[in-house]
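To start, the structure under review is shown below, and the notes come after it.
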Amino acid sequence: MEKTMRMTSAEAAKLLRKLQEELDNVLLMEEQSREFSASLGEDLESVRPAYDYEEVQRRIGGLEERIRRVKHAISAFNLVQEVPGFEGMTIDQMLVYIPQLNRRKAKLALMRQRLPKQRERLAYGGGSQIIDYSYANYDMEAVKADYEKTAEELSRAQTALDLVNTTAQLEIVL
């Protein structure tokens, strides 16, 4: 018997984790009970663990189907649900955009932390008197400004995604 549930994607993610934990538990219980050891002369029935192959397979199949349905509903929702404040960007696009911003922020952090002129630590061997310097080939102030702008955009994107994930609802047929 199928039923349709409405929930936020944050709630759906929690449901998905719960279903996966339940499946993992059933699989572990199956692994522990589908085979058993007994000593020669020991009464097999007294040490045989409870295991119903057909029932276990039915439970596994049911949980796997529910997991597929929840994942599909989340994926479909992410393809069409727009994130407010980001000009038609959907959740699936935002899930690409946020890591891009994270990488850009990390790169800019390294660039803004260096000195405009830095002494190189190169070992030429044998007590050479040569001192090498490396120079930043960019405007340090522009990098600092871009870092702040990127950090602010990342924060805004994460907050907007959190908001839509906790307020907009999707339908899941279970």
Side-chain angles (χ1 to χ4, degrees), residues 1-111 146-174:
M1 173 170 97
E2 292 182 355
K3 76 175 187 176
T4 301
M5 299 175 63
R6 291 191 57 80
M7 61 181 64
T8 66
S9 95
E11 292 167 328
K14 287 178 185 167
L15 173 60
L16 187 58
R17 276 190 300 277
K18 178 181 175 256
L19 291 169
Q20 188 60 54
E21 286 173 3
E22 191 175 336
L23 175 61
D24 292 344
N25 186 55
V26 170
L27 291 170
L28 179 62
M29 296 304 288
E30 178 187 40
E31 186 178 320
Q32 293 174 345
S33 61
R34 69 179 174 219
E35 298 169 1
F36 70 101
S37 298
S39 298
L40 281 177
E42 190 171 17
D43 177 28
L44 292 180
E45 295 312 312
S46 69
V47 294
R48 181 183 307 274
Y51 176 66
D52 181 338
Y53 172 79
E54 291 177 6
E55 172 62 19
V56 171
Q57 300 317 302
R58 185 191 61 71
R59 285 187 65 201
I60 290 170
L63 287 165
E64 288 174 338
E65 181 180 353
R66 290 179 75 196
I67 288 169
R68 284 192 307 273
R69 288 176 183 232
V70 173
K71 282 187 173 189
H72 173 72
I74 292 171
S75 294
F77 178 75
N78 288 350
L79 288 172
V80 297
Q81 180 63 47
E82 291 185 8
V83 179
F86 284 86
E87 298 105 39
M89 191 179 295
T90 60
I91 290 175
D92 72 314
Q93 291 170 321
M94 186 64 75
L95 293 173
V96 174
Y97 186 51
I98 287 175
Q100 290 172 334
L101 289 171
N102 273 316
R103 284 190 300 277
R104 179 168 178 74
K105 182 182 171 196
K107 176 189 75 169
L108 292 169
L110 290 174
M111 291 175 73
D146 203 13
Y147 174 86
E148 294 301 323
K149 179 180 156 194
T150 302
E152 184 178 306
E153 176 72 353
L154 176 59
S155 178
R156 190 173 78 85
Q158 290 169 328
T159 300
L161 183 59
D162 288 346
L163 180 65
V164 77
N165 278 334
T166 57
T167 58
Q169 291 195 329
L170 60 122
E171 285 189 0
I172 301 176
V173 178
L174 291 175

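Treat the numbers as computed from the prediction; the structure is a model and nothing was measured.
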Results of side-chain contact (heavy atoms from CB on, under 4.5 Å) for L28 - residues two or more places apart only: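 So L28 forms a side-chain contact (heavy atoms from CB on, under 4.5 Å) with Q32.
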Listed by chain and number, what are the salt bridge (Lys or Arg N to Asp or Glu O under 4.0 Å) partners of E55, not counting sequence neighbours?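 R58.
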Can you name the side-chain hydrogen bond (donor to acceptor under 3.5 Å, both in side chains) partners of R69, sequence neighbours left out?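 Listed in chain order: E2, E65.
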Would you mind writing out the side-chain donor-acceptor pairs for residues 93-102 within the sub-3.5 Å range, not counting sequence neighbours?
residue : atom : partner : partner atom : Å
Q93     : OE1  : T90     : N            : 2.8
Q93     : OE1  : T90     : OG1          : 3.4
Y97     : OH   : E153    : OE2          : 2.6
N102    : ND2  : I98     : O            : 3.4

Could you walk me through whether K18 and E21 pass the salt bridge (Lys or Arg N to Asp or Glu O under 4.0 Å) check? CA-CA 5 Å; K18 178 181 175 256; E21 286 173 3; over 6 Å; no
Under the 3.5 angstrom rule, does the side chain of [X] hit a backbone N or O of [Y] as a donor-acceptor pair?
X: Q20; Y: R17; result: no
X: R156; Y: G85; result: yes
X: S155; Y: A151; result: no
X: E11; Y: T8; result: yes

Once you round to the nearest 0.5 Å, how far does [atom1] of [X] lie from [atom2] of [Y]?
X: I74; Y: D92; atom1: CD1; atom2: CG; answer: 13.5 Å
X: I67; Y: H72; atom1: CD1; atom2: NE2; answer: 15.5 Å
X: E22; Y: L63; atom1: CD; atom2: CG; answer: 4.5 Å
X: K14; Y: L19; atom1: NZ; atom2: CG; answer: 14.5 Å

Are [X] and [Y] packed together at the side-chain level, in the sense that at least one heavy-atom pair is separated by less than 4.5 angstrom?
X: V26; Y: M29; value: no
X: Y147; Y: T150; value: no
X: E30; Y: R59; value: no

Between [X] and [Y], what is the shortest heavy-atom contact and its length?
X: S37; Y: V47; value: O-CG2, 4.3 Å
X: A160; Y: F86; value: CB-CE1, 3.6 Å
X: S33; Y: P49; value: O-CG, 3.5 Å

Less than 3.5 Å apart, which donor and acceptor atoms pair up between the side chains of residues 164-174 and the rest of the protein, not counting sequence neighbours?
residue : atom : partner : partner atom : Å
N165    : OD1  : S9      : OG           : 2.6
N165    : ND2  : L161    : O            : 3.4
T166    : OG1  : D162    : O            : 2.9
T166    : OG1  : L163    : O            : 3.2
T167    : OG1  : L163    : O            : 2.6
Q169    : OE1  : R6      : NE           : 3.4
E171    : OE2  : R6      : NH1          : 3.2

Does atom CD (E152) have a neighbourhood of more than 12 heavy atoms from anything else shown, all under 6.0 Å?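 Counting other residues, nucleotides and ligands, CD of E152 stays at 12 neighbours or fewer.
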Applying salt bridge (charged side-chain N to carboxylate O under 4.0 Å, His left out), which residue pairs with at least one partner in residues 75-90 are found, sequence neighbours left out?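 Found none.
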